[in-house]
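Data block below; observations after.
All chains are named by letter (A, B, ...) in the order of the sequence lines, taking the proteins before the strands, and each is independently numbered beginning at 1.
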Protein chains: 2
Amino acid sequence: MRAGETAGSEARARYERIYHTLRDRICLLDYPPGMRLREEDLAAEFATSRTPVRRVLARLEDEGLLRSVHGVGTIVTDIEIDDLQQVYQLRVELAELFGRVAPNVPGPEEMRQYRSLLARCEELVRKPDAREFARLNMEFFHLFTQLTANEPLRAISERLYYQTTRIWLKTASRLAAYEDMLLNEIHVFQREMTDIVAAIECGNLLAAGHIRRAHIAMSFARLYAAAHPEGASAAPI
Amino acid sequence: MRAGETAGSEARARYERIYHTLRDRICLLDYPPGMRLREEDLAAEFATSRTPVRRVLARLEDEGLLRSVHGVGTIVTDIEIDDLQQVYQLRVELAELFGRVAPNVPGPEEMRQYRSLLARCEELVRKPDAREFARLNMEFFHLFTQLTANEPLRAISERLYYQTTRIWLKTASRLAAYEDMLLNEIHVFQREMTDIVAAIECGNLLAAGHIRRAHIAMSFARLYAAAHPEGASAAPI
DNA sequence: ATGAAGCCTGATGTACACATCATCACGTCG
DNA sequence: CGACGTGATGATGTGTACATCAGGCTTCAT
């Protein structure tokens with residue numbers, strides 16, 4: 001809900017609520033790739049009819065998270081790291097635009113949230129948990145987007161982020177060295193946040209964008225390597 | 001329709017047809033800003049019920065071209081050059097990515113299309129027509145997007161393009177120096193196409209992106225100046 | 001026993017009746 | 001005479017029955 005926007009009907013609010021709920025479930029793998037969602041079940045859960053649910057599903061389909069097939073069902077799309085290379089490449093380029101295009105210096109409240117995330121990250125090092133890590137990553141992303149005042153850039157980055165974020169949980173869950181990978185990712189993430197907060201505190205938002213860019217690219221490279229164990233070829237980004 | 005995609009049902013095809021038809025009408029000002037669309041009229045025109053129409057309208061609303069208000073109607077959004085500054089700024093940055101990210105060298109067929117557009121542009125110089133100019137601009141845009149093989153970049157650029165393209169027709173139609181502005185824009189557009197084709201023929205896709213970037217920025221500046229006649233401040237891009 | 005044809009089930013897609021909401025015109029009251 | 005309240009009207013939002021479609025299971029013929 002954007003500030004300053006007309007409160008509007010509560011119908012819109014319910015629509016947004018269902019949308020965010022389903023999107024989170026898909027991206028946290030509560031709805032794993034390939035799972036079939038029944039519109040009537042969702043309608044029952046949200047105490048409504050199929051009609052509003054279908055609008056949400058249509059949007060999630062436009063965004064590439066779902067695929068409705070007549071006579072079959074509404075299916076959570078599967079993702080492969082190879083198919084996401086283009087999206088990652090674009091995310092890498094866009095990361096640099098934060099802090100360069102319409103830079104928006106964070107206020108005290110936002111800095112407090114950054115520190116809160118860092119604290120939760122330290123907690124996570126002691127008790128690693130993939131799902132909590134994914135959530136933390138998500139919240140950090142939303143905080144990071146506020147580095148720019150450019151609304152379309154925020155919206156587009158969000159769209160691309162949610163197209164890719166599942167791949168980490170999916171890849172990790174299949175791996176033998178699951179625990180090691182998780183702990184490593186948490187440490188890397190901790191360093192990324194620390195560095196970005198440091199850059200912001202210096203007032204150097206451009207640097208924050210560059211750090212973010214590097215980490216997105218490296219994250220892709222690690223996922224690519226994990227999915228291609230004997231791959232002689234390096235990650236294409 | 002992406003190549004290699006399952007042909008799918010004809011229901012999907014009809015959905016796409018309605019979507020593209022309405023989007024073109026909005027962007028060519030057949031449906032001017034503020035106009036109210038009646039879902040039943042549209043349903044009757046496309047020989048279907050309100051349900052499929054509503055799905056199209058929902059998508060156009062997500063893309064910012066429409067706004068549905070309960071009890072009032074579905075209204076074509078109004079646009080002001082000042083509100084589009086952020087979108088233009090992002091388009092400027094994205095333009096540079098074409099030809100740099102996943103460059104896709106045009107084949108003979110595409111070069112033929114470029115030359116066809118140039119020929120139609122020369123024709124347009126002799127018989128200026130705002131609507132035809134807008135159409136030509138649109139077709140050129142689609143051709144230009146093929147400079148990259150990065151599908152998400154294409155999709156996002158298209159979304160942003162259709163959010164902004166109406167502003168030219170709207171601004172021009174209100175201006176006293178309408179004829180002069182139109183002819184000038186056509187000449188500028190002719191030069192832009194000529195330069196970009198030249199860059200492509202040199203195999204320098206990066207240059208094509210830079211030219212495009214410059215022209216998007218200048219186009220915004222001209223529109224901004226036209227909308228702020230006594231504006232002491234320069235265009236913010 | 002095996003293969004194919006056809007039905008049966010359950011899903012999404014469509015159509016339509018109804019609910020809800022905003023606007024405007026009209027009438028009534030101060 | 002003006003202003004406020006109320007109902008008519010027409011729009012979108014919702015709920016639901018039905019149409020359409022795909023896939024699996026059964027059944028019959030070979």
If we only count heavy atoms from C-beta on, is the A:Asp78 to A:Glu80 side-chain gap below 4.5 Å?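 Yes; the side chains approach each other to less than 4.5 Å.
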
Mind calculating the distance between [atom1] ([X]) and [atom2] ([N]) to the nearest angstrom?
| X | N | atom1 | atom2 | value |
| --- | --- | --- | --- | --- |
| B:Met35 | D:dA11 | CE | C1' | 15 Å |
| A:Arg36 | D:dG23 | CZ | P | 10 Å |
| B:Ile18 | C:dT14 | CD1 | C1' | 12 Å |
| A:Tyr15 | D:dG13 | OH | P | 11 Å |
| A:Glu40 | D:dC18 | CD | C1' | 13 Å |
| A:Leu57 | C:dG13 | CG | P | 9 Å |
| A:Ile75 | C:dA11 | CD1 | P | 12 Å |
| B:Arg12 | C:dT14 | CZ | C1' | 15 Å |

Touch class at under 4.0 angstrom, heavy-atom based, for [X] against every strand present:
| X | answer |
| --- | --- |
| A:Glu39 | sugar-phosphate |
| B:Leu37 | sugar-phosphate |
| A:Arg55 | nothing |
| B:Arg67 | nothing |

Nearest-nucleotide pick for B:Ala11, side chain only, options being C:dG13, D:dT12, C:dA11: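 Between C:dG13, D:dT12, C:dA11, the one nearest the side chain of B:Ala11 would be C:dG13.
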
What's the closest nucleotide to the B:His70 side chain, out of C:dG13, D:dT12, C:dG10?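 In terms of side-chain proximity for B:His70, the closest of C:dG13, D:dT12, C:dG10 is D:dT12.
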
Would you kindly say whether B:Tyr19 and B:Asp24 are connected by a side-chain donor-acceptor distance under 3.5 Å? no

For [N], take OP1 and OP2 only and decide whether either is under 4.0 Å from a side-chain N or O of [X].
| X | N | value |
| --- | --- | --- |
| B:Arg50 | C:dA15 | no |
| B:Thr51 | C:dT14 | no |
| A:Arg14 | D:dT14 | yes |
| A:Ser49 | D:dT16 | no |

Of B:Val72 and A:Pro52, whose closest DNA chain D nucleotide lies nearer the 5' terminus? B:Val72

5'-most contact on DNA chain D: B:Gly71 or A:Thr48, nearest heavy atom basis?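 Result: B:Gly71.
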
Ring centroid separation B:Tyr224 to B:Tyr88 under 6.0 Å: no

Between A:Glu185 and A:Arg222, is the salt bridge (charged side-chain N to carboxylate O under 4.0 Å, His left out) condition met? List the steps. CA-CA 9 Å; A:Glu185 289 291 329; A:Arg222 286 193 302 273; 2.7 Å; yes

Salt bridge B:Arg54-B:Glu39, side-chain N to carboxylate O under 4.0 Å: yes

